[in-house]
2 protein chains.
Amino acid sequence: MAATLRDVADHAQVSMRTVSNVVSGYTHVSEKMRAHVLRSIEELDYRPNPVARTLRTGRTGVVALIVPEIDVPYFSALARDMINAAATFGYRVMIDQTGHDHERERDLLTGNDRTMLFDGILFSPLVTKLELLEMNSPTKMPLVLLGEHDFDGRYDHVAIDNVRAAQDAVQHLLDRGRTRIAAIGAQPLEQYATPQQRSAGYETALTEAGIAIEPELVREAEHYSRADGYDAATALMALPERPDAIFCFSDLLAMGAMRAVFDAGFSVPEDVAIVGIDDIEEGRFSRPSLSSVSLDTAFIAERSMERLAARIDDPDRAPEQIIAPHALRARESTAIAQSP
Amino acid sequence: MAATLRDVADHAQVSMRTVSNVVSGYTHVSEKMRAHVLRSIEELDYRPNPVARTLRTGRTGVVALIVPEIDVPYFSALARDMINAAATFGYRVMIDQTGHDHERERDLLTGNDRTMLFDGILFSPLVTKLELLEMNSPTKMPLVLLGEHDFDGRYDHVAIDNVRAAQDAVQHLLDRGRTRIAAIGAQPLEQYATPQQRSAGYETALTEAGIAIEPELVREAEHYSRADGYDAATALMALPERPDAIFCFSDLLAMGAMRAVFDAGFSVPEDVAIVGIDDIEEGRFSRPSLSSVSLDTAFIAERSMERLAARIDDPDRAPEQIIAPHALRARESTAIAQSP
DNA sequence: TTGTAAGCGTTATCAT
DNA sequence: ATGATAACGCTTACAA
């Protein structure tokens, strides 16, 4: 069996209190005593039991990061930054993926999950704000929301301005002289906020440019995957009146769409300009490289982790809304201006 | 404050034992009693404290997955499958990235980390087997190794046959009539097993084909990133005698290499055929699509999780070595046979 | 500065 | 089938 605090105390002929002080507190221990206890710890190869410590202190030192899918590049980049940010606050990260499963999201949030060994939740939700309000109330687990814009100020959240980001992307296509601009990533269900907001930005940009929205140019995508982008773009290129640009709601959609355009016998950006959102590294090495709206995952990670740490320390503080910056990165996929 | 087991017992006028039985055991409880206790639980909105349960049972229900970088597509795909596999065994996954930091690897393995709230470790290591042997001994935390081939049978591990995988990739290039085959991803330090094994496979395939190894065609790469692949391929294409094929030790290297070949004014596969290892989804949508050796991450996840669960239940069982299957996927990047 | 002892919220071992 | 109670290993008043 592993040695316990008591074993060390017995071995060193001191009280548990003193050993505990040496192990964690370092307060009021004479140097001689410290060295003495340390020797016993060494000899018995003692390691403090984190579970016992947690039961006593009420802190696990772990926060949960909940995302739809960890293998989506945007989320894995976010996870990377989150793990780093958490480390600077002394936390570790447990990652959970909901896999687009609403039940799972709710279980995690309501604390119905049997093993909630963490102090707080960083949650990138799929479902609407309305449902969320009810959800988290029973458990009162510290919570920071990620990636959505509008939560009525009831929760801490770090978001990007989705409407504006979409608008900027479409405006970039307009600036390149494109006028027949398609969109991939819309979703009919109102409960998904991200597609709603990006659709809104798309429509705003076109409307402000005096261009009418054509429903046949707006394509749905269920999972923001390469395959979804491929299918949607294939359909667009089969249209009698093809688009001269495609705004994809995510870079992954855009990667699929680019390949579809080529497979249909057209080229990017000559025939069709393409722009995405997320600025994943993949798009910087693709051919052509992908123009995209960059979201600052490091910023999102740092600020949200800082919020969560603050809330864990003081559950009653007022919620804060933070908007992460975004910036358009123009690359080859929108490089050529359309001659009118 | 949250309600405890004792609160429920008091409220229901029964013993803690009975409440505990209702909550978890379900053994020997009359239906009437169950209903009665359940009502009290409902009324007090009682949720069992997982930390207390853990202290008592010695099980957290969490396993740690340790990888170099979570945002490398191969590892995030593995993480996705691991989270799913763990769920079928009743475990959750905490992800840690070592970020190529040997210190961090050692801390995790030796249990020097302060918050080891997990029952076992799934470890995808960078460092050599030799170091590992010493590392895990003091803590005896259940451990399953991933991705390496040769660990002397002292640990459970699920690996691919790296030598064979590399050999198959190079053989595929030979089959396409390529003879001047470069390699990207070698590493000088002997302690990194993966590059050593893949280098060995590369050399074996060439030697068997009667082709001499040319040192200038073997390029190092530190991080198996797109950028490293780009740089290495750029150097290769600047050679007086250019290669007609490149074997990249990872798909990410290959994605960078492909872009570099194009930027140097050549084309894939006409001038240079390219093959990678990992078979990440990105390579199926790139232009050209990437030929690659597919590693079965779902298989690796399921088998390793099964091993770990078994070892947690019985720490003394004999270690097992499992080789995960691999298979070459020929795609466009090696589509054209070289005319001699 | 160090020792004593009371919990933290469960589960498990005795009984009954 | 249920009840009392002792651990699990640690932190921290309270004393000394």
Side-chain angles (χ1 to χ4, degrees), chain A residues 1-38 40-41 44-62 90 111 113-119 139 141, chain B residues 1-38 40-41 44-62 111 113-119 139-141:
Chain A
M1 275 315 291
T4 74
L5 195 67
R6 154 158 267 119
D7 297 334
V8 177
D10 289 352
H11 183 274
Q13 305 271 42
V14 297
S15 77
M16 292 171 60
R17 165 66 196 259
T18 301
V19 179
S20 179
N21 275 346
V22 171
V23 168
S24 42
Y26 298 125
T27 40
H28 307 302
V29 204
S30 71
E31 265 317 308
K32 208 168 99 187
M33 193 81 236
R34 259 178 58 76
H36 176 63
V37 171
L38 245 24
S40 289
I41 288 177
L44 300 181
D45 191 33
Y46 165 73
R47 289 150 208 283
N49 179 330
V51 179
R53 173 179 290 163
T54 294
L55 180 60
R56 190 54 235 242
T57 62
R59 294 278 181 90
T60 64
V62 176
D113 194 287
R114 245 68 170 69
T115 57
M116 304 236 309
L117 293 165
F118 38 81
D119 300 330
T139 151
M141 171 79 73
Chain B
M1 273 317 290
T4 74
L5 195 67
R6 153 160 267 118
D7 296 335
V8 178
D10 291 351
H11 183 273
Q13 305 272 42
V14 296
S15 77
M16 292 169 61
R17 165 67 194 261
T18 301
V19 179
S20 180
N21 275 344
V22 170
V23 169
S24 41
Y26 297 124
T27 40
H28 305 303
V29 204
S30 72
E31 265 317 309
K32 207 169 101 186
M33 193 79 237
R34 260 179 56 77
H36 175 63
V37 171
L38 246 24
S40 289
I41 289 178
L44 299 181
D45 191 34
Y46 164 73
R47 289 152 207 283
N49 179 330
V51 178
R53 172 178 292 165
T54 293
L55 179 61
R56 190 55 237 230
T57 62
R59 294 281 180 88
T60 63
V62 176
D113 193 287
R114 246 67 170 67
T115 56
M116 304 234 312
L117 294 165
F118 39 81
D119 300 330
T139 151
K140 294 252 283 169
M141 171 79 74

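Sequence lines set the chain letters: A, B, ... in the order given, protein chains first and strands last, and positions in each chain run from 1.
OP1 or OP2 of C:dG9 has not a single side-chain nitrogen or oxygen of B:R6 nearer than 4.0 Å. Residue A:S20 places at least one side-chain N or O closer than 4.0 Å to OP1 or OP2 of D:dT11. Side-chain N/O atoms of B:T54 include none lying less than 4.0 angstrom from OP1 or OP2 on C:dT10.
Shortest non-hydrogen contact noted between B:P50 and B:P48 is CD-O, 3.2 Å.
Rounded to a whole Å, the CD1 atom of B:I41 is 14 Å from the C1' atom of C:dG9. Atom-to-atom, CG of B:L55 to C1' of D:dT11 comes out at 13 Å; the value is rounded to the nearest Å. Protein atom CD of A:E31 is 13 Å distant from nucleotide atom C1' of C:dT1, rounded to whole Å. Here D:dA7 presents its C1' atom at 16 Å from CG of A:L5, a figure rounded to the nearest Å. In this structure, the OH atom of A:Y46 is 7 Å from the C1' atom of D:dC10, given to the nearest Å. Summarising the geometry, the separation between CZ on B:R47 and P on C:dT10 is reported as 13 Å, rounded to the nearest angstrom. For B:L117 and D:dC8, the CG to P distance is 20 Å, given to the nearest whole Å. Atoms CZ (B:R59) and C1' (C:dT10) sit 16 Å apart, rounded to a whole Å.
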Can you give me the N/O atom pairs linking the protein to nucleotides 4-7 of chain C at distances under 3.5 Å, or say none if there are none?
from: C:dG7; atom 1: N2; to: A:R56; atom 2: NH1; distance (Å): 2.9
from: C:dG7; atom 1: N3; to: A:R56; atom 2: NH1; distance (Å): 3.4

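Partner of A:T54 under the side-chain contact (heavy atoms from CB on, under 4.5 Å) criterion, out of B:L117, B:T54, B:L55: B:L117 alone.
As judged by a 4.0 angstrom heavy-atom cut-off over every strand, A:V51 is placed among residues making no nucleic acid contact.
Between A:T57 and B:A52, the residue anchored nearer the 5' end of DNA chain D, judged by the nucleotide with its closest heavy atom, is B:A52.
Checked by atom type and distance alone, the side chain of B:D119 pairs as donor or acceptor with a backbone atom of B:T60 at under 3.5 Å. No donor-acceptor distance shorter than 3.5 angstrom exists from the side chain of B:S20 to the backbone of B:M16, with no hydrogens or angles considered.
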Expected list for residues 5-14 of chain B: side-chain donor-acceptor pairs under 3.5 angstrom, two or more places apart:
from: B:D7; atom 1: OD2; to: B:T4; atom 2: N; distance (Å): 2.9
from: B:H11; atom 1: ND1; to: B:S40; atom 2: OG; distance (Å): 2.8
from: B:H11; atom 1: NE2; to: B:E43; atom 2: OE1; distance (Å): 3.3

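Proximity of B:V23 to B:R53: side-chain heavy atoms (C-beta onward) are separated by under 4.5 Å at one or more points.
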